[in-house]
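So you know, we letter chains A, B, ... as the sequences are listed, proteins then strands, and number each from 1. Just so you know, these numbers come straight off a predicted model, no measurement behind them.
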Amino acid sequence: MLKTHNCGDLRVADVGETVTLAGWVHRRRDHGALIFLDLRDRSGLVQVTCNAQGTPAAHAVLNTVRGEYVIQVQGGVRDRPAGLTNPNLPTGEIEVVAESAQILNEAHTPPFYINEDVEIDEALRLKYRYLDLRRPVMQQNIILRHQVVSFIRKFLDGRDFLEIETPMLIKTTPEGARDYVVPSRVHPGSFYALPQSPQQLKQLLMVAGYERYFQIARCFRDEDLRADRQPEFTQLDLEMSFVDREDVMALIESLYIALIEALGSKPILAKPFLVLTYAEAMARYGSDKPDLRFGMELVDLGDLSGGSEFKVFSEALAAGGQVKAIVAPGCADFSRRQLDDLGEQVKRFGAKGLVWIARKGDGSVKSAAARFLSESELAAIFERTGAGLGDLVLIVAAANRSVIARSLGELRLALGQQLGLVRRDVHALCWVVEFPLLEWSEQGGRWTAMHHPFTSAMDEDWPLLESDPGRVRAKAYDLVMDGWEVGGGSIRIHRRDRQQAMFRALGIGPEEAEEKFGHLLEAFEFGAPPHGGIATGIDRTVAILAGTTSIREVIAFPKTASATDLMFRSPSEISEAQLRELHLSITA
RNA sequence: GGGGACGUAGUGUAGUGGUUAACAUGUCGGCCUGUCAAGCCGAAGAUCGCGGGUUCGAACCCCGUCGUCCCCGCCA
């Protein structure tokens with residue numbers, strides 16, 4: 001080894017030791033005959049010093065080094081003189097007096113600061129990702145990610161799980177996201193698909209009798225990107241035989257509690273995790289991934305507004321819709337401009353408008369709708385919503401219930417952040433269960449699986465699959481953390497007849513089912529055990545633990561929003577020869 | 001596919017129609033033996049993303065285009 005110690009590990013206990021260090025010049029403070037420099041390696045920083053009289057050999061070398069030079073230093077660890085310690089550095093009580101030093105490699109001045117935390121254009125960071133990753137913040141993120149994955153492996157190994165790899169070159173499936181596809185050289189005109197998840201493979205491992213499987217699995221989906229979505233991402237993929245819903249949930253709950261308590265920096269707001277049905281989550285939070293770090297729940301005003309003079313209310317209800325409200329605490333004095341902005345926000349989600357009622361501090365009521373609402377109606381609204389003096393009641397009425405949920409749910413999130421109501425000092429996790437098995441696709445004109453086509457219905461709901469598919473609830477569960485969907489899973493179908501019934505409900509005919517899923521259907525006839533599992537997002541989990549809002553911050557080499565890699569400059573064209581070999585021609 | 005924001009020395013920003021594009025920091029040089037965002041003095045460093053247009057005159061206004069980010073659609 002070119003070094004005997006790590007920079008960041010040196011302490012007072014090492015005083016008197018002779019050490020050899022190697023690392024990057026983080027910062028240099030040159031007093032002429034006296035030089036200080038902060039030497040950095042993965043473990044952290046330590047101050048190295050030398051002077052022209054006492055250590056001339058080292059001084060001659062360190063006089064020429066610059067930022068990010070890679071150097072090696074030999075010297076003794078000593079206590080810093082009294083009053084000269086640096087409490088901001090874990091190594092701040094000691095320093096290394098360099099006796100000699102060598103330049104291992106010179107470095108250009110980097111295109112951005114590695115030794116300072118300033119905002120840098122993300123495109124530049126991605127172009128020089130290897131320098132970006134050198135920054136201490138990024139190193140912490142990547143190290144945290146390693147710790148999370150390592151923790152999960154140990155946890156599951158201790159509970160009798162087997163880590164089993166599954167292929168990356170599989171087969172395109174109907175349903176779900178757009179596949180990334182790989183042309184076959186050997187079979188002209190045929191393609192592999194990269195897995196959107198190892199879903200079928202892990203089910204087949206259950207049929208194979210492995211009982212408890214997991215994998216830190218890379219997944220690929222060719223869909224547009226977001227701050228929390230990359231074309232390739234990593235899941236903890238897990239499957240168990242002979243379990244019911246509660247078994248999988250209990251296992252993952254204990255894993256996440258242990259994980260957060262071991263590696264997170266914030267306490268968990270409530271244990272055990274709250275379990276909400278999908279219907280409840282939508283009703284109370286207007287979202288299937290509610291952020292429980294603050295209140296501001298949606299309140300139903302339907303029974304108060306049935307006979308209202310206010311047609312916005314009564315007509316929505318007559319059309320089978322709802323009238324619902326949230327209370328923005330202390331916002332009664334919002335300006336007209338602010339209220340208009342809130343109105344614009346809900347319109348994005350299909351609401352015709354936002355009804356606002358300001359209950360002023362002096363007890364007076366201000367509202368554009370006030371003349372349509374009686375005293376008693378107002379009083380009832382204030383009582384139901386709990387709106388006090390100084391609060392602002394925000395109401396959406398619509399015939400379409402999902403419009404109300406969506407618009408008030410998003411408004412709740414926006415206001416929660418804007419008003420600083422979201423508790424940043426805790427993590428809040430919950431389960432959302434009993435999702436609808438199917439949802440109607442307007443553009444497809446058919447039912448689609450809300451989770452995936454292998455999800456089992458609730459036992460008592462199976463009879464509804466043909467008669468009333470929209471009412472069938474799934475044995476599915478989502479894990480939600482701080483308003484992010486971090487995981488989702490289900491008990492699977494393990495009987496051929498039920499799987500066929502599911503395909504039928506999805507409009508997949510017998511021939512197509514045989515062609516696309518024949519292997520699975522056949523496997524179910526050879527003794528498939530009842531089984532279920534879950535997949536949780538490693539990128540999202542680490543991002544939340546790291547306190548960042550983009551998963552790119554916890555992925556070593558992420559892609560841009562347009563799915564390019566700025567360092568490799570990928571995707572890129574391939575040669576004519578490669579195209580020929582793959583039997584491909586470019587038409588675009 | 002759609003909407004929005006941004007693009008100015010290496011980096012982060014200011015400049016919203018008028019002389020030589022400003023500030024901080026970094027870089028380079030000089031001085032300096034206790035700094036830790038070292039300090040002091042000096043110097044260099046800009047195709048104002050790119051193309052077109054309006055104007056006597058454009059970093060600034062307009063159109064297009066490229067790139068990055070955020071959102072909608074999409075994401076079983």
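Residue contacts shown for A:Arg492 are absent, as no nucleic acid heavy atom lies under 4.0 Å away. Within 4.0 Å (heavy atoms only), A:Thr455 reaches no atom of the nucleic acid at all. Using a 4.0 Å heavy-atom distance criterion, A:Ala227 is classed as a sugar-phosphate-only contact. Residue contacts shown for A:Gln47 include a base, since a base heavy atom lies under 4.0 Å away. Counting any heavy atom pair closer than 4.0 Å across all strands shown, A:Ser490 reaches no nucleic acid atom. No contact: A:Arg178 has no heavy atom under 4.0 Å from any strand.
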Check: residues 224-234 of chain A side-chain donor-acceptor pairs under 3.5 Å, at least two apart:
residue  : atom : partner  : partner atom : Å
A:Arg229 : NE   : A:Asp224 : O            : 3.4
A:Arg229 : NH2  : A:Asp224 : O            : 2.5
A:Gln230 : OE1  : A:Lys559 : N            : 2.8
A:Gln230 : NE2  : A:Lys559 : O            : 2.9
A:Glu232 : OE1  : A:Arg218 : NH1          : 2.8
A:Glu232 : OE2  : A:Lys559 : NZ           : 3.3
A:Thr234 : OG1  : A:Arg145 : NH2          : 3.2
A:Thr234 : OG1  : A:Arg218 : NE           : 3.3

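Aromatic ring orientation, A:His519 versus A:Phe517: tilted (interplanar angle from 30° to 60°).
Phosphate contact (OP1/OP2 of B:U11, side-chain N/O of A:Thr109, threshold under 4.0 Å): absent. Checking the phosphate oxygens (OP1, OP2) of B:G73, a side-chain nitrogen or oxygen of A:Arg406 falls inside 4.0 Å. Considering only side-chain N and O atoms, A:Arg125 lies nowhere under 4.0 angstrom from the phosphate OP1 or OP2 of B:U11.
Within residues 26-33 of chain A, the residues that have a heavy atom under 4.0 Å from RNA chain B are, in order of number, A:Arg27, A:Arg29, A:Asp30, A:His31, A:Gly32, A:Ala33. Residues from residues 230-240 of chain A lying near RNA chain B, meaning a heavy-atom separation below 4.0 Å, are absent.
For A:Tyr180 and A:Tyr192, the ring centers sit 6.0 Å or farther from each other.
Residue A:Phe36 and nucleotide B:U35 are classified as a stacked aromatic pair, their ring centres being separated by less than 5.5 Å at an interplanar angle below 30°.
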